[in-house]
Asks: 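Could you have a look at this structure, given as structure tokens, before my questions?
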Amino acid sequence: MAAPILISGAMDCEIDYFLEELAGSTHRQIHGFDFWQGSLQGLPVVVSQTRVGMVAAAIATAVGLSAYMPSAVINQGTAGGHRRDLKVGDIVIGRACVPINGLEMPARSEGQGCAPLEWVPNHRTISHLSDRALCDLFASTPYTGGQKQLGVLGCGDLFSREMDRIDWLHATFGEDCEDMETYAVQQACQHFGVPFAGVRIISNNERTLDPYDRSTARTLQQFVCRALADWPAH
């Protein structure tokens, strides 16, 4: 039996379309995390709901990697845009991902205040590359809902809404958008030696005042399903 592809998302709205389309679906809960196994586009697939945040995403991915031994992992979902030219509905294919909350603060004495824009990335804050073949697959998949581009996915247990801070994150880490899971999933895959790709759709952008659009999560799932139609196993 061929090894499945593990596709993960944090929230219900980031996996609901997959579950509707998953043929022969069977549900299993392992260590408190939910997995659904079946087929999409004729390929064996496991859908994983990681829940929100770095710790939950890392644990859920490690559990899924151990239980299903997938051939590849795709982490996908919504993200907040950190560039003015990224619009709601645009897709960023993560050629790399970087943690944006690994920071060091210069020493300050009591009463000297706090200056977050002077914080610097610590030595563990390094960008990690996604699997080239998986990125190429998503890059070649047609999409008409907006821009589609390779970029860097910023990840951390943050919900950034300060304009200057967002610009600082973009300038400091070279990231294009912010989510709370991609880097954690990538790290688990790296330790297990499993190919990984992160794909995110812009659901809101504080820099352009574009509000959150929940429907973008479904749009991205449909895009991922189209990409699966061209998976090398076909």
Asks: Are the side chains of Phe35 and Val63 in touch, meaning some heavy atoms are under 4.5 Å apart?
Replies: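 They are in side-chain contact.
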
Asks: Measure the shortest side-chain to side-chain distance between Leu158 and Ile100 over non-hydrogen atoms and say whether it is less than 4.5 angstrom.
Replies: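 Contact flag for Leu158/Ile100 side chains = yes.
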
Asks: Check this for me: does any side-chain nitrogen of one of Glu178 and Arg165 sit under 4.0 Å from a carboxylate oxygen of the other?
Replies: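 Arg165 and Glu178: not salt-bridged.
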
Asks: Going through the distances and angles, do Asp230 and Gln41 end up as a side chain to side chain donor-acceptor pair (under 3.5 Å)?
Replies: CA-CA 9 Å; Asp230 294 323; Gln41 300 284 15; over 6 Å; no

Asks: Please lay out, stage by stage, how Cys135 and Ser130 fare under the test side-chain contact (heavy atoms from CB on, under 4.5 Å).
Replies: CA-CA 7 Å; Cys135 287; Ser130 296; 3.7 Å; yes

Asks: For the atom pair CG (Asp176) and CG (Leu169), what is the distance rounded to the nearest 0.5 Å?
Replies: 12.0 Å

Asks: How long is the span from the CZ atom in Phe196 to the CG atom in Asn75, to the nearest 0.5 Å?
Replies: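 That separation rounds to 5.0 Å.
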
Asks: Under a 4.5 Å cut-off applied to non-hydrogen side-chain atoms, are Ile7 and Trp36 in contact?
Replies: no

Asks: Just say parallel, tilted or perpendicular for the rings of Phe173 and Trp168, cut-offs at 30° and 60°.
Replies: perpendicular

Asks: So do the side chains of Ile5 and Ser71 get within less than 4.5 Å of each other, counting heavy atoms only?
Replies: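 With C-beta onward as the side chain, the pair touches.
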
Asks: Considering all heavy atoms of both residues, which atom of Val194 and which atom of Ala72 are nearest to each other, and what is their separation?
Replies: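 Closest approach of Val194 to Ala72: CG1-CA, 3.8 Å.
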
Asks: Any side-chain donor paired with an acceptor under 3.5 Å for Asp90 and Gln149?
Replies: no

Asks: Spell out, yes or no, whether Leu150 and Leu129 are grouped together once hydrophobic residues are joined by side-chain heavy atoms under 4.5 Å, including indirect joins.
Replies: no

Asks: Tyr68 and Ile59: same hydrophobic cluster, using ILVMFWY side-chain contacts below 4.5 Å?
Replies: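 Same cluster.
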
Asks: Any side-chain to backbone donor/acceptor pair from Gln221 onto Phe18? Under 3.5 Å, distance only.
Replies: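 Indeed, once roles are kept as given, a pair shorter than 3.5 Å links the two residues.
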
Asks: Can you tell me how far CD1 of Ile15 sits from CD of Gln76, rounded to the nearest 0.5 angstrom?
Replies: 9.0 Å

Asks: For the pair Tyr183 and Val98, evaluate side-chain contact (heavy atoms from CB on, under 4.5 Å) and give the outcome as yes or no after the intermediate values.
Replies: CA-CA 6 Å; Tyr183 185 78; Val98 61; 5.6 Å; no

Asks: Thinking salt bridges, do Arg207 and Asp167 make one under a 4.0 Å N-O criterion?
Replies: yes

Asks: Would you say Gln187's side chain and Ala184's backbone share a donor-acceptor pair under 3.5 angstrom?
Replies: no

Asks: If I take atom OG1 from residue Thr182 and atom CG from residue Leu153, how far apart are they, to the nearest 0.5 angstrom?
Replies: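 Interatomic distance, Thr182 OG1 to Leu153 CG, rounded to 0.5 Å: 5.0 Å.
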
Asks: Do Thr219 and Tyr143 come close enough that some side-chain heavy atom pair is under 4.5 Å?
Replies: yes

Asks: Rounded to the nearest 0.5 Å, what's the gap from CD1 on Ile202 to CG on Leu86? Could you check?
Replies: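 Answer rounded to 0.5 Å: 5.0 Å.
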
Asks: Do the side chain of Glu14 and the main chain of Gly77 share a donor and acceptor less than 3.5 angstrom apart?
Replies: no

Asks: Can you tell me how far the CG atom of Leu228 sits from the CZ atom of Phe138, to the nearest 0.5 Å?
Replies: 6.5 Å

Asks: Evaluate whether atom CZ of Arg226 has more than 12 neighbouring non-hydrogen atoms of other residues, nucleotides or ligands under 6.0 angstrom away.
Replies: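 Correct, the count exceeds 12.
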
Asks: Measuring only between side-chain heavy atoms, which start at C-beta, is Arg132 closer than 4.5 Å to Asp136?
Replies: yes

Asks: Counting N and O atoms only, with roles assigned by atom type, does the side chain of Gln112 sit under 3.5 Å from a partner on the main chain of Ser109, one being a donor and the other an acceptor?
Replies: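 Confirmed, Gln112 side chain pairs with Ser109 backbone.
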
Asks: Measuring only between side-chain heavy atoms, which start at C-beta, is Glu181 closer than 4.5 Å to Met54?
Replies: no

Asks: So does Met69 have more than 12 non-hydrogen atoms from other groups sitting under 6.0 Å from CE?
Replies: no

Asks: Please answer: with hydrophobic residues joined when any side-chain heavy atoms are less than 4.5 Å apart, are Phe159 and Met11 in the same cluster?
Replies: yes

Asks: Is it true that a side-chain atom of Arg51 and a backbone atom of Ala56 form a donor plus acceptor pair closer than 3.5 Å?
Replies: no

Asks: Inspect the contact between Arg84 and Glu206 and indicate whether a charged nitrogen and a carboxylate oxygen are less than 4.0 angstrom apart.
Replies: no

Asks: If Ile, Leu, Val, Met, Phe, Trp and Tyr residues are connected whenever their side-chain heavy atoms lie under 4.5 Å apart, and connections chain through other members, are Ile74 and Leu22 in the same group?
Replies: yes

Asks: Could you tell me which non-hydrogen atom of Cys114 sits nearest to which non-hydrogen atom of Trp119, and how far apart they are?
Replies: SG-CZ2, 3.7 Å

Asks: Please lay out, stage by stage, how Val73 and Val185 fare under the test side-chain contact (heavy atoms from CB on, under 4.5 Å).
Replies: CA-CA 9 Å; Val73 173; Val185 176; 3.9 Å; yes

Asks: Nearest heavy-atom pair of Ala188 and Thr61: which atoms, and what distance?
Replies: CB-CG2, 3.7 Å

Asks: Do Gln37 and Ser25 pair up side chain to side chain, a donor and an acceptor below 3.5 Å, judged on atom types alone?
Replies: no

Asks: Same cluster for Leu220 and Met180 if Ile/Leu/Val/Met/Phe/Trp/Tyr side chains link at under 4.5 Å?
Replies: no

Asks: Counting N and O atoms only, with roles assigned by atom type, does the side chain of Lys148 sit under 3.5 Å from a partner on the main chain of Val92, one being a donor and the other an acceptor?
Replies: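 Absent.
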
Asks: Which pair of non-hydrogen atoms, one from Ser203 and one from Thr216, has the smallest distance, and what is that distance?
Replies: CB-OG1, 3.3 Å

Asks: Please check this pair: side chain of Asn205 against backbone of Arg83, looking for a donor-acceptor N/O pair closer than 3.5 Å.
Replies: yes

Asks: On a heavy-atom basis, which atom in Ala2 and which in Pro44 lie closest, and how many Å separate them?
Replies: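 Answer, listing the atom of Ala2 first, then Pro44: O-CG, 4.0 Å.
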
Asks: Taking all heavy atoms of Ala217 and all of Cys13, pick out the closest pair and write down the distance.
Replies: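 Distance-wise, the nearest heavy atoms are CB-O, 3.1 Å.
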
Asks: Going by distance alone, is a donor N or O of one side chain under 3.5 Å from an acceptor N or O of the other, for Asp34 and Gln49?
Replies: no

Asks: Answer with yes or no whether the side chains of Gln147 and Asp85 bring together a donor and an acceptor at under 3.5 Å.
Replies: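 Short answer, no.
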
Asks: Answer whether the closest heavy-atom distance between the side chains of Pro211 and Asn204 falls below 4.5 Å.
Replies: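 No; the side chains remain at least 4.5 Å from each other.
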
Asks: Hey, mind stepping through His191 and Gln186 against side-chain contact (heavy atoms from CB on, under 4.5 Å) and telling me if it holds?
Replies: CA-CA 9 Å; His191 283 285; Gln186 189 277 336; over 6 Å; no

